[in-house]
Each structure stands twice: as C-alpha cells, then as structure tokens.
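A quick write-up on the structure given underneath.
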There are 2 protein chains.
Amino acid sequence: MSISRRDEIVIAATELFAQHGYHGVGMRAIADAVGIRGSSLYHHFPSKTELLYAIAHDYNRAFIESQLADLSPNPTYAARVRKLVYDHIIYFHKHRLEEAVGLRELQELRANAPEHYTDIQTSRRSYQDGLERLIVDGRETGEFECEDPHLVVLAVLGMVNSVNDWYRDRGRMSIVEVAEAYADITVNRILGAR
Amino acid sequence: MSISRRDEIVIAATELFAQHGYHGVGMRAIADAVGIRGSSLYHHFPSKTELLYAIAHDYNRAFIESQLADLSPNPTYAARVRKLVYDHIIYFHKHRLEEAVGLRELQELRANAPEHYTDIQTSRRSYQDGLERLIVDGRETGEFECEDPHLVVLAVLGMVNSVNDWYRDRGRMSIVEVAEAYADITVNRILGAR
DNA sequence: GCCATAGCCTAACGAACGTTCGACCGGTGG
DNA sequence: CCACCGGTCGAACGTTCGTTAGGCTATGGC
C-alpha cells in the first residue's frame with residue numbers, strides 16, 4: 001500500500017511552500033518535484049488555491065483527531081494539561097512543514113477561499129477554548145493559580161508554537177526533552193500547580 | 001520636515017509585504033500605493049530584493065538601538081528582565097508590520113542576499129545572548145530559580161513574539177496591559193523570582 | 001475485442017512578473 | 001538663457017505565471 005500520486009503532490013508542495021512561500025513556488029516547480037508536467041497537476045487539483053487548502057486541511061484535521069484524544073484518564077488537571085502540551089509539541093514537530101505553511105499562508109486562504117479559511121479558524125478556536133476550559137476548571141478546584149486564564153492560554157500557545165522556529169534535530173536536546181521541559185514550565189510555573 | 005519618497009516607498013512596501021507576502025506583491029502594486037509608476041521605483045532602489053532588505057534592516061537597527069538601552073539603572077535582575085520584556089512587547093507592537101515581514105521573508109533574504117541575512121541574524125543572536133546573560137547572572141545571585149536558562153530564553157522569546165499574532169487594538173486589553181501581564185508571567189512565574 | 005477512463009503529455013493562452021531604456025519636465029546654479 | 005539633474009513617465013524586453021484544450025497510451029470491466 002503505497003502513497004497515491006495525490007499525496008505525493010501534497011507532500012512535495014508542502015515542502016516547497018514551506019521553503020519559498022506560496023507565491024514563490026510555481027505549479028511547474030511542484031510538478032517537477034514529483035516528476036510530471038505542470039498541466040498534469042490539474043488532474044488531481046482544480047487550482048493552486050485548492051492545493052494549498054488540501055495541505056492546511058489535511059494537516060488540521062489530523063491534528064484535531066490526534067489531539068482531541070480523551071484526556072480524562074489523567075487523574076488531575078495538571079496531568080491533563082501536561083499531556084496536552086507534551087503531545088502538542090511532539091505532533092507539531094513531526095508535522096512542522098505543514099504547520100509552517102498553514103500558519104504562514106492563512107491569509108492567502110482567507111482572501112481566496114473564505115469558507116475554507118473559516119472552517120480552519122473554527123477548529124483552531126475550539127482547540128484554544130478546550131485548553132482554556134481545562135485551566136479554568138483546574139483553577140476552580142484549586143489546582144492552578146493564575147490571574148487571567150484567557151491570556152495564559154495565548155501565552156502558552158505562543159510558547160509551544162514557537163518551538164519549531166529554533167528546534168533542530170541535531171541539537172543538544174531531543175524533541176522529547178524539549179516537550180517535557182515546556183510541559184514542566186507550563187504546569188509548574190505558568191499555571192502555578194501545587 | 002516631511003518624509004522622503006524613499007521612506008514612503010518603504011512604508012507602503014512593508015504594509016503590502018505583510019499582507020500578501022514578498023512574492024505576492026509586484027513592483028507595480030508598490031508603486032501604485034505611493035502614486036507613481038513601477039519603473040520609477042528603480043530610481044530609489046536597485047532591485048526588489050534591496051527594497052526588502054531596506055525594510056528588514058531599518059527595522060532591525062532601530063530595534064537594537066532602542067532595546068539595548070542601558071538596563072543597569074534597574075536595581076535588580078528581576079526589574080531588568082521585566083523592563084526588557086515590557087519594552088520588547090511595546091516596541092514589537094508599534095512595529096508589528098516590519099517585524100512580520102522581517103520574520104516571514106528571512107529565508108528569502110538568505111537565498112538572495114546572504115551577507116544581508118547574516119548581519120541581521122547576528123544582531124538577533126546578540127539580543128538573545130544578552131537576555132540569557134541577564135538570567136544566568138540573576139540565577140547566580142539567587143534572584144531567579146530555573147533549570148535551563150538557555151531553554152527559558154527561547155520559551156520567553158517565543159511567548160512575547162507571538163503577541164502580534166493575536167493582539168488587536170480594539171480588544172479587551174491595551175497593549176500596555178498585555179506587556180505588563182507578560183512581564184509578570186516571565187519574571188514571577190517562569191523565572192521564579194522571589 | 002471494445003470501450004471508457006485515468007493519467008500524462010505538448011502546446012498554447014493572456015496576464016503579470018522584474019527590469020531596462022530613452023524621453024520629458026521642472027527647478028536650480030552659472 | 002542655458003546646461004544640468006533628480007524624478008517621473010510610457011513602452012517595451014524576455015520570462016514566468018496559473019490555467020486550458022486536445023491528444024496519446026495503458027489499464028480494466030464488459
């Protein structure tokens with residue numbers, strides 16, 4: 001069971017878009033990367049915009065599916081947040097190219113395919129709300145201690161999403177160590193878990 | 001004393017690049033924004049790449065100048081880090097368009113003008129090192145308590161640099177309030193200041 | 001064996017790209 | 001009054017852009 005040509009195209013386009021930006025890559029360059037001609041791409045995608053959407057959407061859906069795994073087996077809110085942050089960093093590292101494209105070209109999608117933009121934005125938002133809920137609930141039980149849960153969520157997400165800007169596989173830490181350290185900072189420090 | 005045409009061009013190009021990306025904006029579109037024809041731009045900049053560099057460079061130099069202000073009047077390391085984080089957020093908010101372009105198109109510069117890329121990267125690096133030094137020193141005096149200063153610097157910078165991704169001027173908090181809250185989180189929580 | 005279809009091809013479309021060229025125009029210094 | 005010059009212009013350059021049209025070929029169901 002090998003990957004389909006369509007998937008080959010998505011993978012190649014993701015890499016090129018991540019490197020040169022959406023407008024910096026032509027259809028012919030994408031086609032070259034998979035060994036076909038530019039016009040042949042239109043057998044798999046109706047337009048360049050839809051190809052971009054396929055990248056953002058495939059990636060986003062996979063993330064939601066993987067990340068909305070049930071956190072309730074974890075006994076405490078601290079353990080739940082810890083697992084969420086940890087998994088988030090591991091997942092975003094594995095899919096860092098898709099993420100880079102998805103974030104960077106979001107407004108491109110907004111301008112050219114508003115309905116695709118809103119559905120991606122909606123699922124992002126629900127993820128953010130889920131984390132905020134965890135923090136609010138954990139605060140009510142006295143497990144966490146922080147002033148402004150909404151702001152804290154934004155700070156934490158900004159922190160974890162920035163890992164891919166500097167992390168390199170051959171550095172002094174493995175991605176697992178980084179994920180553990182960030183989860184520690186989030187739960188023990190920022191959330192002031194007891 | 002009005003702004004020069006050159007500056008007009010830089011300002012217009014910054015806004016357009018921030019919105020559509022470097023490759024998403026043509027020379028004619030930039031010219032339109034300042035009310036001249038595309039060919040006239042070449043009296044002010046020799047190429048589109050040099051125009052991009054002017055944006056990244058002007059912005060970067062202004063930031064270094066403003067941010068390397070002497071922090072030593074502040075009595076404690078905690079106060080110094082607090083002021084640095086606070087000023088950083090205020091400055092990056094005021095110059096959020098230039099920052100967005102500078103970050104997003106860095107690899108464009110790397111590919112087309114490597115010497116310009118390295119000089120920007122160098123000053124970024126010295127800023128990061130300066131913050132790390134503050135934290136290391138503050139830890140030695142017992143003011144801070146954290147495990148890995150290098151990692152903490154990356155986490156803090158990721159956090160503060162992400163403010164512009166979500167902050168909007170008409171939201172529930174002013175940028176000053178956000179800067180204060182982030183400075184609090186950094187110093188009191190992440191650095192564990194006593 | 002026949003036909004449909006999937007997948008790729010070459011060729012071309014009009015538009016936009018970054019850039020160059022030579023001319024013009026208004027002001028300034030001699 | 002004339003020569004200069006910074007700044008702008010229209011026109012054009014060769015290239016690349018996203019996209020379309022039509023034709024070839026191999027595969028698989030009937």
Side-chain angles (χ1 to χ4, degrees), chain A residues 1-57 101 104-105 107-114 116-117, chain B residues 1-57 101 104-105 107-114 116-117:
Chain A
M1 175 189 144
S2 64
I3 60 175
S4 67
R5 172 116 298 177
R6 182 189 182 277
D7 290 344
E8 267 189 88
I9 295 170
V10 169
I11 291 169
T14 300
E15 189 152 0
L16 288 168
F17 287 166
Q19 207 159 85
H20 305 105
Y22 177 73
H23 289 292
V25 181
M27 293 299 263
R28 290 164 181 86
I30 298 168
D32 273 1
V34 298
I36 61 177
R37 306 291 168 182
S39 58
S40 303
L41 293 174
Y42 289 84
H43 263 278
H44 304 275
F45 298 92
S47 70
K48 194 187 180 188
T49 297
E50 284 298 320
L51 174 49
L52 173 59
Y53 174 64
I55 294 171
H57 177 263
V101 174
R104 190 195 217 182
E105 313 295 353
Q107 42 194 336
E108 181 64 37
L109 221 53
R110 180 182 207 166
N112 294 337
H116 290 158
Y117 169 77
Chain B
M1 177 191 143
S2 64
I3 61 175
S4 67
R5 175 119 293 179
R6 181 189 183 277
D7 290 344
E8 266 190 89
I9 295 171
V10 169
I11 292 169
T14 299
E15 190 152 358
L16 289 168
F17 287 166
Q19 207 159 83
H20 305 105
Y22 177 73
H23 289 292
V25 180
M27 292 300 262
R28 290 164 181 86
I30 298 168
D32 273 2
V34 298
I36 59 177
R37 305 293 168 182
S39 56
S40 304
L41 291 174
Y42 289 84
H43 264 275
H44 303 275
F45 298 93
S47 71
K48 194 186 181 189
T49 297
E50 285 296 321
L51 174 50
L52 173 59
Y53 174 63
I55 294 171
H57 177 262
V101 174
R104 190 195 218 182
E105 313 294 353
Q107 42 195 336
E108 181 64 36
L109 221 54
R110 180 182 206 166
N112 294 337
H116 291 160
Y117 169 77

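Throughout, a chain's letter reflects where its sequence line sits, starting with A, and its residues are numbered from 1. Note that the coordinates shown come from a computational prediction; the quantities given were computed from them, not determined experimentally.
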What is the distance, to the nearest angstrom, from the [atom1] atom on [X] to the [atom2] atom on [N]?
{"X": "R6(A)", "N": "dG7(C)", "atom1": "CZ", "atom2": "C1'", "answer": "16 Å"}
{"X": "E108(B)", "N": "dC17(C)", "atom1": "CD", "atom2": "C1'", "answer": "14 Å"}
{"X": "D32(B)", "N": "dC9(D)", "atom1": "CG", "atom2": "P", "answer": "10 Å"}
{"X": "I30(A)", "N": "dC17(D)", "atom1": "CD1", "atom2": "P", "answer": "10 Å"}
{"X": "K48(B)", "N": "dT20(C)", "atom1": "NZ", "atom2": "P", "answer": "15 Å"}
{"X": "H20(B)", "N": "dA16(C)", "atom1": "NE2", "atom2": "C1'", "answer": "15 Å"}
{"X": "L52(A)", "N": "dG18(D)", "atom1": "CG", "atom2": "P", "answer": "12 Å"}

OP1 or OP2 of [N] less than 4.0 angstrom from a side-chain nitrogen or oxygen of [X], does that happen here?
{"X": "R28(A)", "N": "dT19(D)", "value": "no"}
{"X": "H44(A)", "N": "dC8(C)", "value": "yes"}
{"X": "S40(A)", "N": "dC9(C)", "value": "yes"}

For V34(B), which contact category applies under a 4.0 Å heavy-atom criterion: base, sugar-phosphate, or nothing?
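If one applies the 4.0 Å heavy-atom cut-off, V34(B) turns out to touch nothing in the nucleic acid.
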Does L52(A) reach the side chain of K48(A), with side-chain heavy atoms less than 4.5 Å apart?
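With C-beta onward as the side chain, the pair stays apart.
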Counting C-beta onward and ignoring hydrogens, is there a side-chain heavy-atom pair between V34(B) and I11(B) closer than 4.5 Å?
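V34(B) does not reach I11(B) side chain to side chain.
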Taking for each residue the nucleotide of DNA chain D with the nearest heavy atom, is it M27(A) or H43(A) whose nucleotide lies nearer the 5' end?
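Looking at DNA chain D, the more 5' nearest nucleotide goes with M27(A).
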Test your reading of the model: is there a side-chain donor-acceptor pair from Y22(B) to the backbone of T49(B), 3.5 Å cut-off?
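Indeed, once roles are kept as given, a pair shorter than 3.5 Å links the two residues.
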I'd like to know if the side chain of R104(A) reaches the main chain of G21(B), judged simply by a donor and an acceptor atom lying under 3.5 Å from each other, with no hydrogens or angles considered.
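The answer is no, because no donor-acceptor pair under 3.5 Å joins these two groups.
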Closest approach to the side chain of [X], judged atom by atom: which nucleotide of [options] is it?
{"X": "I36(B)", "options": "dT19(D), dT10(C), dC9(D)", "answer": "dC9(D)"}
{"X": "R37(A)", "options": "dT10(C), dT20(C), dC8(C)", "answer": "dT10(C)"}
{"X": "Y42(A)", "options": "dG18(D), dA11(C), dC21(C)", "answer": "dG18(D)"}
{"X": "R5(A)", "options": "dG18(C), dG18(D), dC8(C)", "answer": "dC8(C)"}

Hey, does the side-chain of S47(B) have a donor or acceptor N/O within less than 3.5 Å of a partner on the base of dG18(C)?
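Side chain to base: no pair present.
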Considering only heavy atoms and no angle criterion, is a donor-acceptor pair shorter than 3.5 Å present between the side chain of S39(A) and the base of dT19(D)?
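Under the 3.5 Å cut-off, the side chain and the base do not form any donor-acceptor pair.
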Are there more than 12 heavy atoms of other residues, nucleotides or ligands under 6.0 Å from atom CD of E15(A)?
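Open.
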